[in-house]
Amino acid sequence: MCGIVGYVGRRPGKPIILDGLRRLEYRGYDSAGLTLLEAGGLETVRAVGNLDALFAAVGDGASPATVGLGHTRWATHGSVRVENAHPHADCTGRISVVLNGIIENYKELRAALTARGHRLTSETDAEVVVHLVEEHAGEGLAAAVRAAIPRLEGHFAFCAVSADEPDLVVGTRREAPLVVGVGEDEMFFASAIPAFLSHTREVIVLEDGDVVTLRASGAECTDVAGVSVERAVSVVPWDQDAAEKAGYDTFMLKEINEQPAALRDTLAGRLSEAGDVDLAETGMGDEMLRRLRRIFIVACGTSYHAGLIVSYAIEQLARVPVQIDVASEFRYREPVFDPDTLVIGITQSGETADTLAAMRLARAAGSPVLALCNIMGSQATREADHVLFTRAGLEIGVAATKTHTAQVAALLLLALRLAWARGVQPEAELRRLGHELRAVPEKLEELLARPSAVEEIAARYRDERFFLYLGRGMGFAVCLEGALKLKEISYIPTEAYAAGEMKHGPIALLDKESPVVVVADDSPVFPKLVSNVEEVRARGADVIAVATDGNETIRELSRDVLWVPRTDHHLAPILTVVPLQLLAYHIATLKGYNVDQPRNLAKTVTVE
Ligand code: M6R
């Protein structure tokens, strides 16, 4: 959940590491720190708060150090205070470590280290690592790291530097991300590629258990036993623009506007002009799809909402029963697996601990697992039997937007292919839907370009204390996502309800003060939704509807309508969620909040 940067090269490392941390700040931003290998030994600076605090603490002064580590933290073990910020030092002050992940047995290790005379100064799990490394420091830093690893339980990536070997950085990973950037006479470690994308696009993706020594001249990789291993260098297709705001005020707004491109890329090569779907790349042939008797979908947050949206389409189109659960519940509820149940783990980052755990559980019990993921080489893609990538590009805003709509599009492809393989829908109907899906990116482009009332609505309701979201079917799932967006970036309490359920409780919340957002797509249950909207109006609440162009019934019932282009109702969630993203965005910015880094959140949640 934290961000790690390591640098060794010929250039001064301080600005390179600080810039790398800026690009990883989305991973955590409650404290940060930096260690540089100066002539006199290690110099470490740590600060509480986001990176501005660290920048202020380190000052503008130049440093000649060409080796160093940086860290931006999202607190798990230990409160947010400077002693708990990374890097952590050993007792001698000659070794420094930054860690991302969790050391599960840190309490036992801490007790044992203390009994052996180590003096630990933080409440973190991470600090035990530097002291374990210290115990073998005489063998050299890489050997000391290798000696520490078997004593650690949990999932982690860490990097270490030593004043006694001032020309290198050592890093390792186990079920947490760490990549190497290969530059010209310089090398980088980072939790994610954007940290060094302005310096190099050449990347080495590490495997679990790799211990890598970086010098300016290159990388040496071994396994935990010290046996040399070869890792290939690949070139990432992103350029620096992907990690910049490109003229937008925020990453979130940029990413909302990148949705048409993300959708086009996700559909490319998988959906023909005639509307036929080809997902052969996943290795799930029609034979396997025909055999399936059930699908489990597991995911968290926005990815869960994408799964919920498309669970309706899978059941309606492919006639396969779908059960969907948030991964943190699923993993502990003892689900019943079998080889004819496909488990789909949806995770844009491929790092979410609960989703990974649920996927592992399913695999161990003999169910095939498909990962729907946005990040190549991520843990989810390594642990699944089958992988389907969204191609949304890098998403930096903590609130997921373009990865969500890309997930819905990719899952709709799967629904269409399943239906085709199982022969449960007329082929012409599936082609019609495929054809419609191809047109959605253009419709979304048009939606984003048209004048909209969303900013005016945001200004009117920015100080409301509560928003209720109502919808039915897929529209209900869209409401859950819209309500999550608003609460996570504007901190306004929201509730999303299946509209038909409102009269069983939440209607008590309504009065003239409560805006009600209604997602009114053109599904067969639209007439039922209309009755629910009437119930809302009867309580004096303002209705803000998201509806298809030309829907006169909704126009008459609502104070405001956010219009979206017409499409098939199975595909509508890709369009109807966008005004809700924008509503949340504008309310939060009017309130003066940092939408890219909402409080208490992190982009990837690698802890349970
Ligand atoms: O990387 P993942 O898709 O597994 O992440 C899942 C959730 O943590 C994520 O969607 C979260 O809910 C976002 N903050 C939503 O905006």
Side-chain angles (χ1 to χ4, degrees), residues 1 26-29 74 76 155 175-177 191-192 250-253 255-256 259 262 266 297-310 324-331 344-360 369-381 383-384 387-390 392-408 410-411 477-478 480-491 494 496 577-578 580-585 588 593-608:
M1 186 86 91
Y26 67 91
R27 300 179 65 87
Y29 35 84
W74 187 82
T76 55
H155 53 276
E175 294 173 17
S191 302
T250 62
F251 283 111
M252 185 178 173
L253 190 59
E255 288 154 6
I256 288 172
Q259 290 180 104
T266 298
I297 298 180
V298 287
C300 303
T302 287
S303 294
Y304 168 78
H305 297 152
L308 184 60
I309 287 167
V310 185
I324 170 154
D325 209 346
V326 287
S328 53
E329 287 297 314
F330 181 86
R331 61 184 290 195
I344 306 178
I346 309 174
T347 165
Q348 82 80 21
S349 63
E351 288 182 48
T352 300
D354 284 319
T355 308
L356 289 172
M359 290 165 62
R360 282 179 201 133
V369 171
L370 168 72
L372 177 66
C373 193
N374 195 45
I375 304 292
M376 282 167 77
S378 62
Q379 199 63 28
T381 64
E383 296 198 19
V387 180
L388 178 59
F389 283 105
T390 46
L394 191 62
E395 186 176 72
I396 290 179
V398 165
T401 52
K402 63 175 179 172
T403 54
H404 171 74
T405 41
Q407 285 167 343
V408 174
L411 288 166
V478 171
L480 287 169
E481 175 57 11
L484 176 67
K485 287 287 91 85
L486 188 62
K487 69 172 72 114
E488 70 181 335
I489 63 172
S490 76
Y491 318 137
T494 61
V577 77
V578 175
L580 302 186
Q581 295 170 344
L582 286 166
L583 182 64
Y585 176 83
Y593 295 138
N594 179 345
V595 297
D596 287 335
Q597 293 175 350
R599 72 184 180 207
N600 302 336
L601 290 174
K603 182 76 183 160
T604 49
V605 184
T606 56
V607 292
E608 56 168 312

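All ligand and atom numbering here is 1-based and tracks the order in the structure. Source: prediction; values computed, not measured.
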Worksheet item: Near ligand 1, which protein residues have a heavy atom under 4.0 Å away?
Response: C300, G301, T302, S303, T347, Q348, S349, T352, V398, A399, A400, K485, E488
Fill in: Test side-chain contact (heavy atoms from CB on, under 4.5 Å) applied to I346 and L388, T403, L372, N374, the passing residue
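Exactly one option meets the side-chain contact (heavy atoms from CB on, under 4.5 Å) with I346, and it is L372.
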Worksheet item: For Y304, which residues count as a ring pair (Phe, Tyr, Trp, His ring centres under 6.0 Å) partner, sequence neighbours excluded?
Response: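 Residues passing ring pair (Phe, Tyr, Trp, His ring centres under 6.0 Å) with Y304: none at all.
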Worksheet item: Roughly how far, to the nearest 0.5 Å, is CD of E395 from OG1 of T302?
Response: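 Answer rounded to 0.5 Å: 8.5 Å.
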Practice prompt. Kindly indicate, with the supporting measurements, whether the criterion side chain to side chain contact (heavy atoms under 4.5 Å, CB included) is fulfilled by Q407 and S303.
Written response: CA-CA 7 Å; Q407 285 167 343; S303 294; 2.9 Å; yes
Worksheet item: So, are R360 and E175 salt-bridged, with charged N and O less than 4.0 Å apart?
Response: yes
Worksheet entry | Derivation and outcome, side chain to side chain contact (heavy atoms under 4.5 Å, CB included), residues V326 and E329 | CA-CA 6 Å; V326 287; E329 287 297 314; 3.6 Å; yes
